[in-house]
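Some notes on the structure that comes next.
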Amino acid sequence: YDILGDTLGSLRLVKKKIKSMEEILREQGLKIVPDSYEFRDGETVVIIAEGEWEGETGYIASTQNDTASKLVTVILDSVCDGPTSDLPLLPPIEFNRNDIAIWDYPFESNW
């Protein structure tokens, strides 16, 4: 609940709306990956799983056209600073499909 009002006479309680993960992602221009979605090589994704990689962006390392597969191989942007970087490159990381989000672009027919 939130307390609203400027004076004791006008104070009132208002129930706070809890946003779903889908609503939070939509505000950020992202959407949850549908089960039927087929990734493309190099497609940009955002990690939404809680943990050390949350909020990181990356790209699809290899296409898994098998939509039954729940794992997606991602190369993170933060570990791919280019050949002049002093940091060792991490290998691609596998994430569950529900641990990543995609950018919510309109369909080509909507342009």
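For the single chain, residues carry numbers from 1 onward in sequence order. These figures come from a predicted structure and were not determined experimentally. Just so you know, these numbers use all the heavy atoms, side chains as well, and skip hydrogens, waters and symmetry mates.
Using modelled atom types, one side-chain atom of E43 and one backbone atom of R40 make a donor-acceptor pair closer than 3.5 Å. Put simply, the side chain of R12 never gets that close to the backbone of D2: no donor and acceptor are under 3.5 Å apart. With hydrogens and angles ignored, the 3.5 Å screen pairs a side-chain donor or acceptor of R97 with a backbone N or O of P34.
A distance of 10.5 Å separates NZ of K19 from CZ of R26, quoted to the nearest 0.5 Å. Separating the CZ atom in F95 from the CG atom in L76 is a distance of 5.0 Å, to the nearest 0.5 Å. Going from atom CG of D104 over to atom CD1 of I32 covers 11.0 Å, rounded to the nearest 0.5 Å. Distance check, rounded to the nearest 0.5 Å: OG1 of T44 to CH2 of W103 gives 8.5 Å.
Annotation for L4: atom CG counts as buried by contact number, over 12 foreign heavy atoms lying within 6.0 Å. For E50, the CD atom sits in a loose shell: 12 or fewer heavy atoms of surrounding residues, nucleotides or ligands are nearer than 6.0 Å. Atom CD of Q28 has more than 12 neighbouring heavy atoms from other residues, nucleotides or ligands inside a 6.0 Å radius.
Taking all atoms of both residues into account, the shortest heavy-atom contact from I47 to W53 is CB-O, 3.3 Å. Heavy-atom minimum distance, T73 versus P92: CG2-CB, 3.4 Å. Smallest separation of non-hydrogen atoms from A101 and I48: CB-CG2, 3.8 Å.
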(request) Verify side chain to side chain contact (heavy atoms under 4.5 Å, CB included) between N98 and V33, making sure each step is shown before the conclusion. (result) CA-CA 7 Å; N98 59 352; V33 178; over 6 Å; no
(message) Run the side chain to side chain contact (heavy atoms under 4.5 Å, CB included) test on L71 and N96 for me, step by step, so that the C-alpha distance in whole Å, both residues' side-chain angles and the decisive distance to 0.1 Å come before the verdict.
(response) CA-CA 5 Å; L71 296 178; N96 288 321; 3.2 Å; yes
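Residues I100 and I24 fall into different hydrophobic clusters, defined by Ile, Leu, Val, Met, Phe, Trp and Tyr side chains chained together at heavy-atom separations under 4.5 Å.
Counting heavy atoms from C-beta outward, F39 and I102 have side chains that approach closer than 4.5 Å. By the 4.5 Å heavy-atom criterion applied to side chains, V72 and E94 are not counted as neighbours.
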